[in-house]
Amino acid sequence: MQVKAPRGTYDLLPGQIERWQWLIAQAREVFTQYGYGEIITPIFEHAELIERGVGETTDIVSKQMYTFSDKSGRRLTLRPEWTAPVVRAYLEHNLHARPQPVKLYYIGPSFRYERPQAGRYRQFHQLGAEAIGSADPALDAEMIAMPIELYRRLGLSRFVILLNSIGCPVCRPAYRQALRAALAPHLEELCPVCRTRYDLNPLRILDCKSEKCHELSAGVPASREFLCRECADHFAQVQAILEAFGLEYRLDDRLVRGLDYYTKTVFEVTSPDLGSQSSLLGGGRYDGLVEECGGPPTPGVGFAAGMERAMSVMEEQGLNPPVKGGPDVFVVTAGGSRAGEYGVRLRGLALLNELRRAGLTAETDYMNRSLKAQLKAAGRLSSRFALIIGSEEMAKNTVQIKDMQQGTQEELPLDSDLIGWIQQRIGGSKQ
RNA sequence: GUGGGCGUAGCUCAGUUGGUUAGAGCGCCAGGUUGUGGCCCUGGAGGUCGUGGGUUCAAAUCCCAUCGCUCACCCCA
């Protein structure tokens, strides 16, 4: 048997998961403040939804999907991203009947079959948001400002906002033609992939990393020069709002994004503290997607942020959640759970149970350790108090309570208000 | 799918031109106190040297293959 997590997946254990939970907690708080409600969709969807939603010619659909048939022969796909599933849910549950726009956020795993590397996994986690039903440029800006605010609260700094507009079905054909015209003389010099892109999706030639293609496409016109009146107007407003928010961004002619559904605004936030996969989040507007999925013409905009990427920067910069202390009390039973002292153990366990029911964080030993070793364990857990009970205490109906920080110890009657005594000393925050 | 780097204890790593029972630090467990943690001292457990084959009197060490990890390309979160 293979005792190893599958390639491109990993386990999160206590010690690292606190940071993960912190990220999620902060995200929930920020998204809620911005008026987004959480949505959870299935981890798998009908393959067709993803294929049509994301686009047949994209890398995701053409080579990165986990697609399988279930026992009834349905073709299903582990979701490679959340936008298409969220749009599906929007249509399925008639969310267009609710006040528009519908603002949703999500947190959870996505799957893409790729060779793993720094910041890239086969099961990775995204947190993101979608605002469906409005074409307001304020939402485009919100999709950038909101995650940036999340990063700010987590303590991340040093990111670069890349922005572009790739037009709409009205103006893009003209741009495509211009692009083809500019590249036509060099068609033979393009890489094989780009030669097929030339016909299918010439915009993608712009973000080809091959040196030759990069050179050849250097002088071509930018999509922004071909925007129709509406798109140009929209983009100007997005920029104005970002500026009003005090967010600095960089216009990037080559930012076209690899998913077919984008229209108008596209953006990416990158971090210099990441490896080669430097993108913290990406997103854009998708005014044609709802219709493509069988709904009425409905605008939408969203972003998806990589949780592993954020975690990586947080780790890099030593950004940790506020430290939580150890247990309030560690119950030490002298003589351990040895048969002869079982009465002691039983009394100790009853006390432990009582402490926990009172809302205190309480621990004990489960390894039949010596008194000394139990105290050591209590110290290792940074327990605030050690409550010690042995045969002497049993006889006197008392317990020893030791302050592990001060090193002081006193004896209290068993029928005194032990819990009150402890609560008073750990501060009133616990009930 | 392609290329580079790396696989020795739970973790981080030593291991000479091939040479005897493969080591250290940390961690873990126990003892140094008949019932008291942290520091210190002592001891202990723990390793198919990734796996398979080859060369050799002898392989952790050299060769081949294979698997895994990792970084990069493509692309993206």
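When the C1' atom is used for both rG53(B) and rA59(B), the distance is 13 Å, rounded to whole Å. Only the C1' atoms considered, rU51(B) is 36 Å distant from rA30(B), to the nearest whole Å. Only the C1' atoms considered, rA24(B) is 25 Å distant from rG5(B), to the nearest whole Å. To the nearest whole angstrom, the two C1' atoms, one in rA14(B) and one in rA60(B), are 12 Å apart. The gap from the P atom of rA22(B) to that of rU48(B) amounts to 12 Å, rounded to the nearest Å. Remark: the separation of the C1' atoms in rG7(B) and rU66(B) is 13 Å, to the nearest Å. Nucleotides rG47(B) and rC11(B) are separated by 13 Å at their P atoms, to the nearest Å.
Distances shown here put every side-chain N or O of Q374(A) at or beyond 4.0 Å from the OP1 or OP2 atom of rG37(B). At rA77(B), none of the side-chain N or O atoms of Q277(A) fall inside 4.0 Å of OP1 or OP2 (strictly under the cut-off). In terms of phosphate contacts, S276(A) brings no side-chain nitrogen or oxygen within less than 4.0 Å of OP1 or OP2 of rC71(B).
Between the base of rG37(B) and the side chain of K402(A) there is a donor-acceptor pair shorter than 3.5 Å. Interface remark: the R204(A) side chain does not form any donor-acceptor pair with the rC75(B) base, using a distance-only criterion of under 3.5 Å.
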* **Protein proximity profile, nucleotides 26-32 of chain B - base contact B, sugar-phosphate-only contact S, no contact -, cut-off 4.0 Å on heavy atoms** => --SSS-B
* To do: Toss me the dot-bracket line for RNA chain B: Watson-Crick and G-U wobble, both under 3.5 Å, 5' to 3', using | for pairs to another strand and [ ] for crossers.
  => (((((((..((((.....[...)))).(((((.......))))).....(((((..]....))))))))))))....
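Taking the six-membered ring where the residue is Trp, Y10(A) and Y121(A) present tilted rings, their angle falling between 30° and 60°.
Closest contact between the side chain of K4(A) and the listed nucleotides rG68(B), rA72(B), rU70(B) involves rG68(B). Which of rA77(B), rG37(B), rA72(B) sits closest to the side chain of A118(A) comes down to rA72(B). If you check rA77(B), rU36(B), rU70(B) against the side chain of R7(A), the one that comes closest is rU70(B). The nucleotide whose nearest atom lies closest to any side-chain atom of R115(A) is, among rG35(B), rA77(B), rC73(B), rC73(B).
Taking every heavy atom of residues 404-420 of chain A and every atom of RNA chain B, pairs under 4.0 Å involve M404(A), G407(A), Q409(A), by number.
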* Report the C-alpha separation of E149(A) and Y34(A) in whole Å, then their side-chain angles, then the decisive distance to 0.1 Å, and conclude whether the side-chain hydrogen bond (donor to acceptor under 3.5 Å, both in side chains) test is met. => CA-CA 10 Å; E149(A) 171 61 13; Y34(A) 278 73; 5.1 Å; no
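Judged purely by distance below 3.5 Å, without hydrogens or angles, the side chains of Q64(A) and Y113(A) never pair a donor atom with an acceptor atom.
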